[in-house]
Protein chains: 2
Amino acid sequence: MGLKEYVCGLEAALDVIGGKWKVLIMWPLKNGASRFGELKREVPGISEKMLIQSLKEMELDGIVLRQDFKEVPPRVEYSLTEFGRSLCDALQPLCLWGEQHMKRIEACKEQCEMQRREKEEKAQALSHAST
Amino acid sequence: MGLKEYVCGLEAALDVIGGKWKVLIMWPLKNGASRFGELKREVPGISEKMLIQSLKEMELDGIVLRQDFKEVPPRVEYSLTEFGRSLCDALQPLCLWGEQHMKRIEACKEQCEMQRREKEEKAQALSHAST
DNA sequence: TATTAAACTTACCTTTAGGTATGTACTTGT
DNA sequence: ACAAGTACATACCTAAAGGTAAGTTTAATA
């Protein structure tokens, strides 16, 4: 598994925006730079660990710029690079698609959850019966 | 965590195409229906378990249609629904973006890997020293 | 009667992602 | 001397994703 070999462009793109948080971090940054603490508030539910971890990877990928003002207490601002903005543009249609079909998707995922639970319960019942 | 609440359309969309395999399964299906065995060959590296698991979820999400010909040995064909094709269209720009910057992304990810390994080795060295 | 072929299914295991909680560094203001 | 404020770092744990390998079903055919 030395070097990555992407089958298609999508695989590469998803490798950049993969994970639970990255797109949620990108979206507020479209309106301009944010400090670490601000971002934490703008992305509700994220932990500090996930926030810096994501930001670091996004910086490495070149879609986010980190600017350290060398003050105490620390002041660091994050913003989108040109590259990052081009990624946002490419994501726009997908975002729209998601918005248009959000209700439907939510319903499907709930359905999924229900099936998962049923299966889990069935498995539990079986394991109880065997003891 | 009862019901899902998506912050933006992207979150919903990524919930549909999330995971390692789904887009890789969708792409060959753009050229028409495929049997299970065909898909297995068209998506190199995928296991049978991951293939049906993904296909089932995609069917539930309404982006893939499963057609069982009730033959023996079994013959089942999978194809994209209208909804699935609309998703493909929405993915096109992202796919293009990924293709255009594939080299750059590959390089970044290798860089990432290297950092991870360094860190791992450092941690190992420390744990050895402490014993 | 045994075999074959295709599409699953299941059990078990390893790896990775993500969550929680606590600690650190540094300087300004008290 | 010390408390406060901000951006991290680190250790530990749980849950989810994914991999491997073996088994199951069915009717036609040898």
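Within every chain, numbering begins at 1; the chains are lettered A, B, ... in the order of the sequence lines, protein sequences first and strands thereafter. All figures in this text were calculated on a predicted structure; none of them were measured in a lab.
B/Leu65 and B/Val16 end up in different hydrophobic clusters when Ile, Leu, Val, Met, Phe, Trp and Tyr side chains are linked at under 4.5 Å.
Taking atom CD of residue A/Gln53 and atom C1' of nucleotide D/dA7, one finds them 16 Å apart after rounding to whole Å. Put simply, CD on A/Gln67 is 13 Å from P on D/dA7, counting in whole angstrom units. Across the protein-nucleic acid pair, A/Ile46 atom CD1 and C/dG19 atom P stand 8 Å apart, rounded to whole Å. The distance from atom CE of B/Met50 to atom P of C/dC13 is 17 Å, rounded to the nearest whole Å. Remark: C1' of D/dT6 and CZ of A/Phe69 are 14 Å apart, rounded to the nearest angstrom. Atom pair A/Arg41:CZ and D/dG5:C1' shows a separation of 13 Å (rounding to whole Å applied). For A/Lys40 and C/dT20, the NZ to P distance is 13 Å, given to the nearest whole Å. The separation between A/Leu51 atom CG and C/dA17 atom P is 17 Å, rounded to whole Å.
A rotation axis mapping the C1' atoms of four pairs onto the next four is fitted at both ends of the helix from C/dT1-D/dA30 to C/dT30-D/dA1 over five pairs, and the angle between these axes is 30° to 10 degrees.
In this structure A/Lys40 satisfies the side chain to side chain donor-acceptor pair (under 3.5 Å) test together with A/Glu48, sequence neighbours excluded.
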For residues 86-98 of chain B, which side-chain donor-acceptor pairs fall under 3.5 Å, sequence neighbours excluded?
unit_1  : atom_1 : unit_2  : atom_2 : d
B/Ser86 : OG     : A/Trp97 : NE1    : 2.9
B/Ser86 : OG     : B/Phe83 : O      : 2.6
B/Trp97 : NE1    : A/Ser86 : OG     : 2.9

Show me the donor-acceptor pairs within less than 3.5 Å that the side chains of residues 19-37 of chain A make with the rest of the protein, sequence neighbours left out.
unit_1  : atom_1 : unit_2  : atom_2 : d
A/Lys22 : NZ     : A/Glu57 : OE1    : 2.6
A/Ser34 : OG     : A/Glu42 : OE1    : 3.1
A/Arg35 : NH2    : A/Pro74 : O      : 3.2

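In this structure the side chain of A/Leu39 reaches within 4.5 angstrom of the side chain of A/Leu55, judged on heavy atoms. In this structure, the side chains of B/Ile17 and A/Leu14 come closer than 4.5 Å at one or more pairs of heavy atoms. Residues A/Val64 and A/Leu80 are in side-chain contact: their nearest non-hydrogen atoms beyond the backbone lie under 4.5 Å apart. The side-chain heavy atoms of B/Gln115 and A/Leu60, taken from C-beta on, include a pair separated by under 4.5 Å.
A salt bridge links B/Arg85 with B/Glu82: at least one charged nitrogen is closer than 4.0 Å to a carboxylate oxygen. Using a cutoff of 4.0 Å between basic side-chain nitrogens and carboxylate oxygens, A/Glu106 and A/Lys109 are not scored as salt-bridged. No salt bridge links A/Lys56 with A/Glu59; every basic N to acidic carboxylate O contact stays at or beyond 4.0 Å.
Near DNA chain C, defined here as any heavy-atom distance below 4.0 Å, the residues from residues 19-28 of chain A are A/Gly19, A/Lys20, A/Trp21, listed numerically.
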Legend entry - Nucleic acid footprint by protein, nucleotides 3-10 of chain C - heavy-atom cut-off 4.0 Å, B for base, S for sugar-phosphate alone: --BBSBB-

